[in-house]
Amino acid sequence: MADFLGIADLGRDGLRLVLDLAEQFRADRSHRSDLAGKTIGLFFEKPSTRTRVSSEVAAVELGAHPVVLGQNEVGLGTRESVADVARVLDRYLDLLAFRVFDHAGLVEIADHSSAPVVNLLSDLEHPCQALADLLTIEQTLPIDGSLVTYVGDGNNVCHSLMVGVAMLGGRVHVVGPAGYEPKAQYLEMAKLLAKSTHGAVHVGTDLSLVDGADVVYTDVWASMGQEADADARAEVFAPYQVDGDLFARAGADAIFLHDLPAHRGEEVTDAVMDHERSRVFDQAENRLHVFKALLVHLLG
Ligand code: CP
Ligand code: NVA
């Protein structure tokens with residue numbers, strides 16, 4: 001069974017299938033029984049609203065039974081080794097989905113589970129978010145040939161988005177302060193994928209990378225686990241706030257995206273969050289449709 005630890009794991013054809021199925025689920029919300037009799041584990045080592053609720057509702061709407069677990073009860077790596085938790089959950093569940101701090105732990109879980117393992121966010125990737133991001137963009141414009149500019153921290157959300165857009169032939173600009181670029185392995189992966197799709201990936205510090213963009217995307221400056229650095233980061237990232245002036249440098253029809261939760265007044269202003277071309281709540285809704293599609297793809 002295939003795992004979904006990073007957006008590239010689906011391959012280009014798999015990504016296309018999942019997005020097309022997600023679009024069908026978006027158009028028709030009726031409950032189905034595709035996954036009747038299946039049981040799905042959803043584990044959270046850090047807080048969550050969208051991922052927690054959309055994944056549980058997705059399972060229910062497909063007839064599966066979700067089991068939601070928190071770190072307080074499981075003690076992943078503290079009460080029990082990561083590998084043993086994976087071995088045990090594998091005996092009960094048809095799919096294991098994990099939100100963890102350490103991506104290496106997720107790889108270890110996948111190594112010790114025969115059931116598919118899904119990444120619900122790690123320090124390196126947020127691939128379920130990227131699926132929703134891509135679906136949201138496609139509601140407005142084809143990704144092939146369009147320019148997506150990500151402004152801010154080269155983090156987990158940035159990695160998955162960058163790779164996903166490159167897989168579908170889009171152009172990606174990542175703009176943020178020096179020292180906070182996406183990790184080299186993801187940049188190389190995205191550039192390699194872009195070569196075969198005639199996409200392009202460009203990283204820099206100059207805000208002119210927003211000029212003419214079709215999509216402007218940002219995320220928090222301090223991710224979960226980086227709270228202690230929040231003040232220092234706020235200073236470094238201040239020039240990269242997506243405000244009305246910066247958004248106006250994008251194309252006249254550009255849309256604004258944010259994975260949420262947003263820190264209004266930090267990485268984005270109210271004016272942009274609430275702009276008529278902001279699609280952040282469609283994007284949040286799409287987390288549900290893409291997770292249903294992913295479950296059917298992996299288990300159906
Ligand atoms: N975007 C996202 O993953 O939100 P949550 O952290 O609330 O799940
Ligand atoms: N980059 C953020 C995304 C939250 C959904 C974090 O990891 O906290």
Side-chain angles (χ1 to χ4, degrees), residues 121 123-126 129-130 132-134 136-137 146-166 170-188 190-191 194 199-281 283-284:
L121 182 148
D123 54 339
L124 293 184
E125 282 218 43
H126 197 359
Q129 180 65 53
D133 303 340
L134 298 171
T136 312
I137 297 170
S146 68
L147 174 60
V148 177
T149 296
Y150 176 95
V151 184
D153 190 19
N155 61 15
N156 46 7
V157 167
C158 173
H159 290 157
S160 299
L161 176 76
M162 191 173 69
V163 171
V165 171
R171 292 180 296 139
V172 189
H173 287 174
V174 177
V175 55
Y180 295 86
E181 296 89 357
K183 286 197 188 302
Q185 71 188 94
Y186 286 97
L187 198 53
E188 281 159 25
K191 284 189 169 167
V201 183
H202 191 76
V203 176
T205 57
D206 198 304
L207 288 169
S208 62
L209 288 171
V210 177
D211 294 351
D214 298 299
V215 179
V216 178
Y217 195 124
T218 194
D219 184 20
V220 292
W221 293 336
S223 285
M224 290 181 275
Q226 298 175 329
E227 290 80 4
D229 293 339
D231 289 347
R233 283 173 163 263
E235 219 165 286
V236 178
F237 282 97
Y240 296 93
Q241 181 186 63
V242 181
D243 59 11
D245 287 343
L246 186 56
F247 190 44
R249 292 178 71 156
D253 298 321
I255 59 168
F256 172 71
L257 298 181
H258 190 309
D259 49 292
L260 307 181
H263 293 170
R264 290 169 177 257
E266 293 181 27
E267 75 275 4
V268 60
T269 59
D270 284 334
V272 175
M273 273 291 284
D274 303 327
H275 195 281
E276 58 178 2
R277 282 183 277 112
S278 168
R279 296 286 176 272
V280 298
F281 299 110
Q283 190 183 358

Heavy-atom pair with the smallest gap, counting every atom of [X] and [Y]:
X: Val201; Y: Ala194; answer: CG2-CB, 4.1 Å
X: Ala252; Y: Arg277; answer: O-CZ, 3.2 Å
X: Pro182; Y: Val174; answer: CD-CG1, 3.8 Å
X: Pro239; Y: Glu235; answer: CD-O, 4.0 Å
X: Thr149; Y: Leu209; answer: OG1-O, 2.9 Å
X: Leu260; Y: Ala284; answer: CD1-CB, 4.3 Å

State, yes or no, whether a side-chain contact exists between [X] and [Y] at a heavy-atom distance under 4.5 Å.
X: Asp219; Y: Cys158; answer: no
X: Leu246; Y: Tyr240; answer: no
X: Asp153; Y: Arg233; answer: yes
X: Leu134; Y: Val165; answer: yes
X: Tyr180; Y: Thr205; answer: no
X: His173; Y: Leu147; answer: yes

Go through the steps for His258 and Val272 under the test side-chain contact (heavy atoms from CB on, under 4.5 Å), then give the verdict. CA-CA 10 Å; His258 190 309; Val272 175; over 6 Å; no
Any Lys/Arg nitrogen of Arg264 or Asp274 sitting under 4.0 Å from an Asp/Glu carboxylate oxygen of the other?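 Yes, Arg264 and Asp274 are salt-bridged.
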So does [Y] get a backbone contact from the side chain of [X], meaning a donor-acceptor N/O pair under 3.5 Å?
X: Arg249; Y: Val210; result: no
X: Thr136; Y: Ala132; result: yes
X: Thr218; Y: Val151; result: yes
X: Gln241; Y: Gly265; result: yes

Give a yes-or-no answer on whether the side chains of Asn156 and Tyr186 include a donor-acceptor pair shorter than 3.5 Å.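 Note: Asn156 and Tyr186 side chains miss the donor-acceptor criterion.
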Would you say the side-chain atoms of Asp259 and Gln283 include a donor-acceptor pair closer than 3.5 Å?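 No, no side-chain donor-acceptor contact under 3.5 Å.
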To the nearest 0.5 Å, what is the distance between [atom1] ([X]) and [atom2] ([Y])?
X: Leu161; Y: His159; atom1: CG; atom2: NE2; result: 11.0 Å
X: Arg279; Y: Tyr217; atom1: CZ; atom2: OH; result: 15.0 Å
X: His275; Y: Asp270; atom1: NE2; atom2: CG; result: 13.0 Å
X: Phe237; Y: Glu266; atom1: CZ; atom2: CD; result: 11.5 Å
X: His202; Y: Leu187; atom1: NE2; atom2: CG; result: 10.5 Å

Could you go step by step and tell me if Val163 and Ser160 meet the side-chain contact (heavy atoms from CB on, under 4.5 Å) rule? CA-CA 5 Å; Val163 171; Ser160 299; over 6 Å; no
For the pair Phe256 and Phe247, name the ring-plane relationship: parallel under 30°, tilted 30 to 60°, perpendicular over 60°.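 Ring orientation, 0 to 90° scale: perpendicular.
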Look at atom CD of Gln185 and say whether more than 12 heavy atoms of other residues, nucleotides or ligands are closer to it than 6.0 Å.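 Result for CD/Gln185: enclosed.
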